[in-house]
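Positions are given from 1 along the sequence. If you're wondering where the values come from, they're calculated on a predicted model, not measured in any experiment. Note: hydrogens, waters and symmetry copies are ignored here, and every other heavy atom, side chains too, is used.
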Amino acid sequence: MADQARQAELFELDNGTMQVKITNLGCTITSLCVPGKDGKSADVVLGFDSVEPYLKGAAPFFGCIVGRVANRIKEGKFTLNGVEYSLPINKSPNSLHGGHKGFDKVIWEVADYKKGENPSITFKYLSHDGEEGYPGDVAVTATYTLTSSTTMRLDMEGVPNKATPISLAQHTYWNLAGHDSGNILDHSIQIWANHITPVDHNTIPTGEIMPIKGTAFDFTMEKKIGASIHEVPGLGYDHNYVLDCGEEKSGLKHAAKLKDPSSSRVLDLWTDAPGMQFYTGNYVNGVAGKGSAAYGKHSGVCLETQGFPNAINQPNFPSVVVQPGEKYKHSMLFEFSTE
């Protein structure tokens, strides 16, 4: 198999202002350096110094692209065109982020790599029929591009030869004060969503689209992540937000604005996906990260734009099924600034 021959390597995109390191193992962002208000650059993503810990499975999905279907599928089962499919139960009692060996754990091929003012890298992967229980072959590509001095774009595409669910997500853990600076509870965030999809005791959406005005989940106005986190059942936020009120530009809608008071760094996220998992790193516990940093609970925040969790089993959620002859597309724009 070609996959065996390929090695996990690190690649760099550098436009002079921002530097991003990405490995072909899971299209994983291992490092992303951007300037703060003092002009000093800091690495704002959780991760490891080399590819080895990722290969050994030490990362709780740090920085990677997850698929074939991001998030949870109830009891690892779905029916499509009259056929029932069973997926690996890797986060009991559900299937999570594509199964035991999802897209984050495979070595992708480098299809294109450009340096210069707008450097970019394109990874491609062929997911086979029956892989992790899913039907049909899917040819997937993911392209990271530095589109301006402090902006990165990610374009993901998937082309199946048989009807299949496809929903990819980028799972970077952000800490705009610097990856080794402690927790993100002091960061503030605004999320352009008036609703979430509430979940049952197994973290599976109930099917309801719930208004969040005035609740602990309400980030329609900028507020500190830690302000109401104690009111959230469980260990913190791990919820799908329905992106229903963001302004649009060039086909993408404003999903979130994350801000760190200490460095004045801001991340504006734009996407064309219908939902975003807002996850506050609740399960991160004593992970030995880059440069001997120790990552604990809430060390980073994930803003995973996505199809809704378990959409394949929820007829009232936007469909994640892609038919042969159709193309799955998902783009994200990460705009960094200071204010």
Can you tell me if [X] uses its side chain to pair, donor with acceptor, with the backbone of [Y] under 3.5 Å?
X    : Y    : value
K223 : D218 : yes
Y54  : G26  : no
Y113 : E12  : yes
D260 : R265 : no
D129 : P135 : no
N24  : E9   : yes
N15  : S148 : yes
D43  : L32  : yes

Decide, yes or no, whether a salt bridge links [X] with [Y] under the criterion of side-chain N to carboxylate O below 4.0 Å.
X    : Y    : answer
K224 : D186 : yes
E132 : R68  : no
E222 : K257 : no

Give me the atom names and distance for the closest heavy-atom approach of [X] to [Y].
X    : Y    : answer
D180 : A293 : CB-CB, 3.7 Å
Q170 : L154 : CG-CD2, 3.3 Å
L46  : G300 : CD2-N, 4.0 Å
I312 : P165 : CD1-CB, 4.0 Å
A163 : L80  : O-CD2, 3.4 Å

Determine whether [X] and [Y] make a side-chain contact, defined as any pair of heavy atoms from C-beta on separated by less than 4.5 Å.
X    : Y    : result
T164 : K162 : no
V242 : F308 : yes
L258 : I225 : yes
P160 : V138 : yes

Heavy atoms from other residues, nucleotides or ligands near [atom1] of [X] exceed 12 (cutoff 6.0 Å):
X    : atom1 : value
E117 : CD    : no
K290 : NZ    : yes
K74  : NZ    : no
K253 : NZ    : yes
N202 : CG    : yes

So, T206 versus D200: side-chain donor-acceptor pair below 3.5 Å or not?
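No - no donor-acceptor pair under 3.5 Å links their side chains.
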With no hydrogens and no angle check, just 3.5 Å: does a side-chain donor-acceptor pair link N175 and S181?
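Per modelled atom types, N175 and S181 side chains form a pair under 3.5 Å.
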Show, in sequence, the C-alpha distance, side-chain angles and deciding distance for R153 and T147, and conclude whether the side chain to side chain donor-acceptor pair (under 3.5 Å) test is met.
CA-CA 7 Å; R153 185 179 172 114; T147 52; over 6 Å; no
Mind checking whether Y125 and W108 have parallel, tilted or perpendicular rings, split at 30° and 60°?
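The rings of Y125 and W108 sit tilted, inter-plane angle from 30° to 60°.
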Mind checking whether [X] and [Y] sit in one hydrophobic cluster, side chains of I, L, V, M, F, W, Y counted as touching below 4.5 Å?
X    : Y    : answer
L176 : V34  : yes
M332 : I22  : yes
I166 : M276 : yes
V140 : Y144 : yes
M210 : L243 : yes

Do Y237 and F219 make the cut of ring centroids closer than 6.0 angstrom?
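Ring centres of F219 and Y237 closer than 6.0 Å.
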Do Y295 and Y173 make the cut of ring centroids closer than 6.0 angstrom?
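Ring centroids of Y295 and Y173 are no less than 6.0 Å from each other.
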Compute both the distance and the angle, then confirm whether K91 meets the cation-pi test with Y283: under 6.0 Å from the six-membered ring centre, within 45 degrees of the axis.
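Yes, K91 sits over the ring of Y283.
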Derivation of the side chain to side chain donor-acceptor pair (under 3.5 Å) call for T271 and T305:
CA-CA 7 Å; T271 188; T305 65; 3.1 Å; yes
Run the numbers on H195 and D244 for side chain to side chain donor-acceptor pair (under 3.5 Å), then give the verdict.
CA-CA 8 Å; H195 301 81; D244 52 11; 2.7 Å; yes
Decide yes or no on side-chain contact (heavy atoms from CB on, under 4.5 Å) for E335 and T150, but give the supporting numbers first.
CA-CA 6 Å; E335 285 185 326; T150 52; over 6 Å; no
For W270 and E247, what are the C-alpha separation, side-chain angles and deciding distance, and is it a side-chain contact (heavy atoms from CB on, under 4.5 Å)?
CA-CA 9 Å; W270 301 74; E247 57 169 326; 4.0 Å; yes
